[in-house]
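In what follows, a single structure is set out as structure tokens and then discussed.
First listed ligand is number 1; within each ligand, the first listed atom is number 1.
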Amino acid sequence: MTLRDSLYRPGEVILTQAEIAEVVARLGREISADYRGKNPILVNLLKGGVIFLADLIRQLPIPHQIDFMRVSSYENGTSSSGIVRIAEDLSTNISGRHVLVVEDVLDTGRTLAYILNMLQIRSPESIEVCSLLRKTATRDTWFDVRYLGKEIPDVFVVGYGLDYNEKFRNLPYIARLVGPDEP
Ligand code: IMP
Ligand code: MG
């Protein structure tokens, strides 16, 4: 963390706390309707997705399980390294199970494409994606996002679990990250 890094800060709000709550409630209704009687495993990607998952499952009245994976594609700062590293794998056998991957934000989609490929090999009964945010400029994505919270502009955002160098996850809203050269 350099001095320059410490000058990055949250700027204009992209999604308010109330808007997030509304989106999460809607996703909860859609998922509950589709997965009734299927006992899905919600696979969450740490660490950014953890706050979203915590709120989402409280909107799911149906039986389900949760599990976690930790991967990193962004080694530092705001630009993609293009490298996906599995730092922690699932603790559940997903063979024959309905898997719903719960992601915070899709940017290039490369991280998720890699993970979906890897999970597919383990023979789940089904596999779908739920993402809170998707950047409109999302490229490279060959997969369907079955449950999408909201499209956002192609800017780096923080808050509600999303970080910049581990900072700002605690904001209850989502805001654009503003750099030191911006007023
Ligand atoms: P992708 O592989 O380019 O789709 O990047 C996906 C991952 O990068 C996300 O799961 C986030 O962890 C991280 N990421 C992408 N965009 C942002 C952002 O605007 N803020 C914080 N993290 C982001
Ligand atoms: Mg993520």
The side chain to side chain donor-acceptor pair (under 3.5 Å) partners of S32 (sequence neighbours excluded) come to none
If you measure only the distance, is there a donor-acceptor pair under 3.5 Å linking the side chains of Q65 and R97? yes
Regarding Y160 and N170, do their side chains bring together a donor and an acceptor under 3.5 Å, going by distance alone? no
Options [options], ranked by nearest heavy atom to [atom], top entry:
atom: atom 12 (O) of ligand 1; options: L46, D154, V158, D104; value: D104
atom: atom 23 (C) of ligand 1; options: D107, V105, L112; value: V105
atom: atom 18 (C) of ligand 1; options: Y114, Y164, F156; value: F156

Mind checking whether Y8 and V178 sit in one hydrophobic cluster, side chains of I, L, V, M, F, W, Y counted as touching below 4.5 Å? no
Give the atom numbers and elements of ligand 1 that come within less than 4.0 Å of a heavy atom of [X].
X: D163; answer: 21 (C)
X: R110; answer: 2 (O), 4 (O)
X: L162; answer: 21 (C), 22 (N)
X: E103; answer: 10 (O)
X: T108; answer: 1 (P), 2 (O), 3 (O), 4 (O)
X: K135; answer: 16 (N), 17 (C), 18 (C), 19 (O)
X: T111; answer: 1 (P), 2 (O), 5 (O), 6 (C)
X: V155; answer: 19 (O)

So, regarding G109 and ligand 1 (criterion: nitrogen or oxygen to nitrogen or oxygen, under 3.5 Å), is there a contact or not? yes
Polar-atom distance check: V157 versus ligand 1, any N or O pair below 3.5 Å? yes
Please enumerate all residues that pass side chain to side chain contact (heavy atoms under 4.5 Å, CB included) together with E19, with sequence neighbours excluded. L15, T16
Is the shortest side-chain N to carboxylate O distance from D104 to K47 below 4.0 Å? no
Before accepting this row, confirm whether a basic side-chain N of the pair E182/R176 lies closer than 4.0 Å to the acidic partner's carboxylate O. yes
If you draw a 6.0 Å radius around CD in E22, do more than 12 non-hydrogen atoms from other residues or ligands fall strictly inside? no
So, the side chain of R9 versus the backbone of G179: is there a donor-acceptor pair under 3.5 Å, distance only? yes
